[in-house]
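See structure below.
Everything numeric here is computed off the predicted structure, so don't read it as measured data. Throughout, a chain's letter reflects where its sequence line sits, starting with A, and its residues are numbered from 1.
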Protein chains: 2
Amino acid sequence: MRIEDEIKQPTFRDEYQKAIINLVYTTGWLQLRQATAFKTFGLTLPQFNILRILRGQHPLPATVALLIDRMLDKTSNASRIVDRLEEKKLVTRTVCPANRRAVDIRITPAGLELLKTIEDSGLMEKNGTQFLTPDEARQLNVLLDKIRTEDGDGTTLHQPSCE
Amino acid sequence: MRIEDEIKQPTFRDEYQKAIINLVYTTGWLQLRQATAFKTFGLTLPQFNILRILRGQHPLPATVALLIDRMLDKTSNASRIVDRLEEKKLVTRTVCPANRRAVDIRITPAGLELLKTIEDSGLMEKNGTQFLTPDEARQLNVLLDKIRTEDGDGTTLHQPSCE
DNA sequence: CGACATTAAATGTATGTACATAAATTTGCA
DNA sequence: TGCAAATTTATGTACATACATTTAATGTCG
């Protein structure tokens, strides 16, 4: 559906204004879809992403610092997301023997099993981009990269992360 | 900068996976920039959006229901955002005389002045899309609309709203 | 009229982000 | 050696989203 109809705003100042609204709207749309899907498995999107990072390390542990680095969401709070995964017995937390400041975080067998269940469900493939041709997907990548031209202000930038 | 470099992931499964990550990343990038800018004026993005809706109604009042409808963020909580604007004396809240269930919300002169200050600052124009040509902006709109093809599940969808 | 559903807004709970600060440990250098 | 700085994680606060429930007012229909 066209964005004009989607948000019931018949006109925009120009294609630029329309594009920025369309971007934010479409990403919100995607995120809500994904979040709703993950909820049926008792996970939030950030929790799922942390679990995937931990599986990538498995059987080695990860530290909170590593999670933050991989999430690329530099300012956010991995500690509390790990809290929730620990409550659900999907990860374990033990003080790192080599450096008692650090904490070793590991995915449990239950965590691995949950990831497999989710991935086997085919959830991950229904993300909207399947309606693009390969060429259109390439075009989209070019345009998005252009929008992020001139990252000039040096502030730490956000990466909400997702499959 | 290319998304590969931005998130330091050298390869993706395909252009589709890259596109979805690029979309989420780019919108997060945009939102963080905008949120940071608005913070210098003591506002969050949702607060700014509510203020703009109220200005659109001015001098008529709006109800919470109208705000929710205009925000297009159907499930979210306009009530508490109005709380914060009221604390800052940017809006007023009075029980609607015609229907004592409803609440009339109005932007104050201070609120109108703040909006003008923000808009005069030229903040709104620096949103990334200025790096696209008009034709590219049009292309982007077409691609995003395609991604939202098949809104089939009937769930209420999200619209984080912004300029 | 009066029980009951509907509507409008507010409130409660869980989760997450952003940012500042604290607490514990380790490092490094005078 | 000893103390300050750096590192690593956790905690606190403000704000927002998502969703369920509550409260008050209004509508409806027997």
Nearest-angstrom distance from the residue atom CG of A:Asn49 to P of C:dT17: 10 Å
5'-most by nearest nucleotide on DNA chain D - B:Pro97 or A:Arg93: A:Arg93
Side chain B:Asn77 and base C:dT11 donor-acceptor under 3.5 Å: yes
Nearest-0.5 Å distance that lies between atom CD1 in B:Ile147 and atom CG in B:Leu23: 4.5 Å
Toward the 5' end of DNA chain D, by each residue's nearest nucleotide, B:Arg100 or B:Gln47: B:Gln47
Short side-chain N/O contact from B:Lys39 to OP1 or OP2 of C:dC19, under 4.0 Å: yes
Nearest-angstrom distance from the residue atom CG of A:Leu32 to C1' of C:dT15: 15 Å
Euclidean distance, A:Gln57 CD relative to A:Arg70 CZ, rounded to 0.5 Å: 5.0 Å
Carboxylate-amine/guanidinium proximity below 4.0 Å for A:Arg138 and A:Asp135: yes
Value in whole Å for how far the P atom of D:dT8 lies from CG of A:Asp69: 12 Å
Hydrophobic cluster identity match, B:Phe41 and B:Val91, side-chain contacts under 4.5 Å: yes
Spacing between B:Leu67 atom CG and D:dT17 atom P, to the nearest angstrom: 13 Å
Length of the line joining B:Leu45:CG and C:dT17:C1', which is rounded to integer Å: 13 Å
Pairwise distance OG1(B:Thr27) to CG(A:Leu144) - rounded to 0.5 angstrom: 7.5 Å
Residues from residues 79-90 of chain B lying under 4.0 Å of DNA chain C - heavy atoms: B:Ser79, B:Arg80
Interatomic distance, A:Asn99 CG vs D:dA10 C1' [rounded to whole Å]: 15 Å
Distance (rounded to the nearest 0.5 Å) between B:Leu140 CG and A:Tyr16 OH: 11.0 Å
Separation of C:dT17 C1' from A:Gln31 CD (nearest whole Å): 12 Å
A:Ile105 CD1 - D:dT9 C1' separation (whole Å): 9 Å
Short N-O contact, B:Glu15 and B:Lys18, less than 4.0 angstrom: yes
B:Thr63 or A:Arg101, whichever maps to the more 5' nucleotide of DNA chain C: B:Thr63
